[in-house]
Amino acid sequence: MPSERVRTSRPAAVLALLVAALSGACHVASAQPPDNPSDSEIRQSEERAQRRADAVGRLANDLAETEARLGELHAEVAAQREAANKARVDHDSAVAAAEEADRAAAAAERQAHGARATLGDARRDFDDFVAGSYRQGGVIGSVGAYLGADNPREVLAREQLLGAVGEVHLGTLRRLQDALVEAANADADAREALRTAETRRAEARQASEAADAAMADAVSAAREQQRELRAVEADKRDVERRLAQARNTVDGLHAQRDRYERWRDQQAAAAPPAAPAPAAPATPPAASGHSGDVVESVVARALSQLGVPYAWGGGNAHGPTYGIRDGGVADAHGDYNKIGFDCSGLMIYAFASVAALPHYSGYQYEAGHKVPLAQMRRGDMLFWGPGRIHHVALYLGDGQMVEAPYSGGHVRVAPVRYSGIMPYVTRLVE
C-alpha cells in the first residue's frame, strides 16, 4: 500500500512541478518588455521622420515643376500651331486676291483688244475719207486744224472745215478720235491690271513661303517638344519613384512610432501624455449653404468627365464634342476625330448651370470676381499665363485641381502647378 501511494503521488508531483515551471516561464515572458527606446532615440526617430516628410514635400514640388514644364512645352507648340494657322489664312487671302487680279487683268486685256479693233475700223474709215477728199479737191488739209484746234486761227480753219465737210465725214473723224482715246485708256488699264495681278501673285508667293516656314517651325517645335517630353517624363518617373520610396520610409517610421506608443500606453499608462502636434493650417473652406451646393454641383460635373479624351476645340454645355482641326499638333493626335474637351470646354460644361462661359480661357478669366491666389477655394477657376492666358483648370481644394491638359491627354485630377499661374483666380459662385 505505501509503495502504491508513492507511485500514484510521483506523477502528481511531476505534474505540479511542470505546471509551476510553465507558470514561471510564462511569468518571466510576460515580464520581459519590448525594446524601450530612450528619449534620445525617440527624438532622433522623430527627426528622421520629419526629414523624410520634408523630402516628400520637396519631391512633390519637383513633380509639380516637371508637370508645369510639360504644360509649358505644350503651350509653346500651341503658339507655333496658331502662327501656322494665321499664315495659312493670310496665304489663302493672298491667293484669292491674286486670282481676282488675274480676272481683272484678263477683262482689261479683252477691253483693250476691243478698243484696238474699234480703232482699226475707225482708221479704215478715216483712210477712205482722206482718199475721197483728195479726189474731190483737198479740204482734208484742214483736218489737222480740226483735230488739234487750240487758238482762234485754228478755230477759223475748223469752221471752214465744217462748211466743207459733211456730217458723215465729221462722224468719221469723231470716231477716229474717240477710238484713239479709248484704245489708249484700255491699254493703260490693262497694264495697270497686269501690274496689280503680278503684285498679288508676289504677295501670295510670300504668304505661301511664310505658311511653309510657320508650319516648318511648328513641326520643328513639335519634334523638339517630343525630345524634351521624353527627358521630362523620365525625370518625372524618377521623381515619382523617389517619392514613393520616401513615402514608404515615412510610413514605416510612423508605424514604428505607433507600435512604440501602443506599448508605452500599455506598459506606462501613468506616463505624461505627449504634447500634441501643431495643427496644419486649414484649407480655406468652400462656400456654405446654397452656394456650397452649387460649388459641389460644379465640381461633380467636372469630375464626372475624368478619363474623357482631350480634344482641341471640344466640349460645350451639354458635354464632350468632336474637336477641330488645327493643321498641327492637334491633328497629329487626331483631336478632330475625338469626342472630348479642351481646357475651356471643360469649364463651359462644369459651370453650365451657373453661367454661359465663352470658349476661350482668356475671356473666362474675366467672367467672374477676381480673388487673390492665396485665398482660392474649392470651385474657383485657376489660370496660367503670364501675358497671354493659355490654360484654365478647376480648383478642388487641398492643392488639387481637375483639368483637360493637352492633346494626347485626358481629363484628370492633378496637383496645382504654380509655375506660370496667374496671381488671381476667378470665382463665379460666391
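Bear in mind the structure is a predicted one, so any value in this text is a computation, not a measurement.
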Could you check Arg191 against Glu109 for side-chain contact (heavy atoms from CB on, under 4.5 Å), going step by step and ending with a plain yes or no? CA-CA 8 Å; Arg191 286 193 298 272; Glu109 178 57 31; over 6 Å; no
Between Thr426 (side chain only) and Tyr365 (backbone N and O only), is there a donor and an acceptor less than 3.5 Å apart? yes
Looking at every heavy atom in both Arg200 and Ala101, which two are closest together, and how far apart are they? CG-CB, 3.9 Å
Closest approach of Val308 to Pro320 (non-hydrogen atoms, all atoms of both residues): CG1-CB, 4.2 Å
Tell me whether the rings of His391 and Trp384 are parallel (<30°), tilted (30 to 60°) or perpendicular (>60°). tilted
Do the side chains of Arg378 and Glu296 get close enough for a salt bridge, i.e. N-O under 4.0 angstrom? yes
Heavy-atom closest pair, residues Leu394 and Val299: CD2-CA, 4.0 Å
Where is the tightest heavy-atom contact between Ala105 and Ala193, given as atom of each residue plus distance? CA-CB, 3.4 Å
Full working for side-chain contact (heavy atoms from CB on, under 4.5 Å) between Val416 and Gln400: CA-CA 5 Å; Val416 173; Gln400 300 292 305; 5.9 Å; no
Ser407 side chain to Asp335 side chain, donor-acceptor N/O pair below 3.5 angstrom: yes
Under 4.5 Å between any side-chain heavy atoms of Tyr424 and Leu373, yes or no? no
Short question: side chain of Lys338, backbone of His333 - any donor-acceptor pair under 3.5 Å? yes
I'd like to know if the side chain of Gln305 reaches the main chain of Leu346, judged simply by a donor and an acceptor atom lying under 3.5 Å from each other, with no hydrogens or angles considered. no
Side-chain donor-acceptor contact under 3.5 Å, His359 with Asp342: yes
What's the spacing between Phe351 CZ and Leu357 CG if we round to 0.5 Å? 7.0 Å
For Arg427 and Arg377: C-alpha separation, side-chain torsions, deciding distance, then whether side-chain contact (heavy atoms from CB on, under 4.5 Å) applies. CA-CA 9 Å; Arg427 183 170 296 164; Arg377 72 186 188 197; 3.5 Å; yes
Can you confirm whether Cys343 sits close enough to Glu403 that some side-chain heavy atom of one is under 4.5 Å from a side-chain heavy atom of the other? no
Residue list, side chain to side chain donor-acceptor pair (under 3.5 Å) with Asp189, at least two apart or on another chain: none
First locate atom CD1 of Ile348, then atom CZ of Phe341, and finally report the distance between them rounded to the nearest 0.5 Å. 9.5 Å
Between Arg417 and Ile421, is there a side-chain heavy-atom distance shorter than 4.5 Å? no
So NE2 of His113 and CG of Asp187: to nearest 0.5 Å the spacing works out to 12.0 Å
For Val402 and Ala302, the nearest pair of non-hydrogen atoms, with its separation, is CG1-CB, 3.9 Å
Check against side-chain contact (heavy atoms from CB on, under 4.5 Å), Val411 and Tyr310: CA-CA 7 Å; Val411 177; Tyr310 179 96; over 6 Å; no
CG (Leu382) and CE (Met376) are apart, to the nearest 0.5 Å, by 6.0 Å
Audit row: Arg195, Glu198, salt bridge (Lys or Arg N to Asp or Glu O under 4.0 Å) steps and yes/no: CA-CA 5 Å; Arg195 283 194 296 269; Glu198 183 56 37; over 6 Å; no
Tyr349 six-ring centre to Arg301 NZ/CZ under 6.0 Å and within 45° of normal: yes
Give a yes or no answer on whether the side chain of Thr196 reaches the backbone of Glu192 with a donor-acceptor pair at less than 3.5 Å. yes
Measure across Val392 and Phe383 and return the closest heavy-atom pair with its distance rounded to 0.1 Å. CG2-CE2, 3.3 Å
Between the main-chain N or O of Gly334 and the side-chain N or O of Asp331, is there a donor-acceptor pair closer than 3.5 Å? no
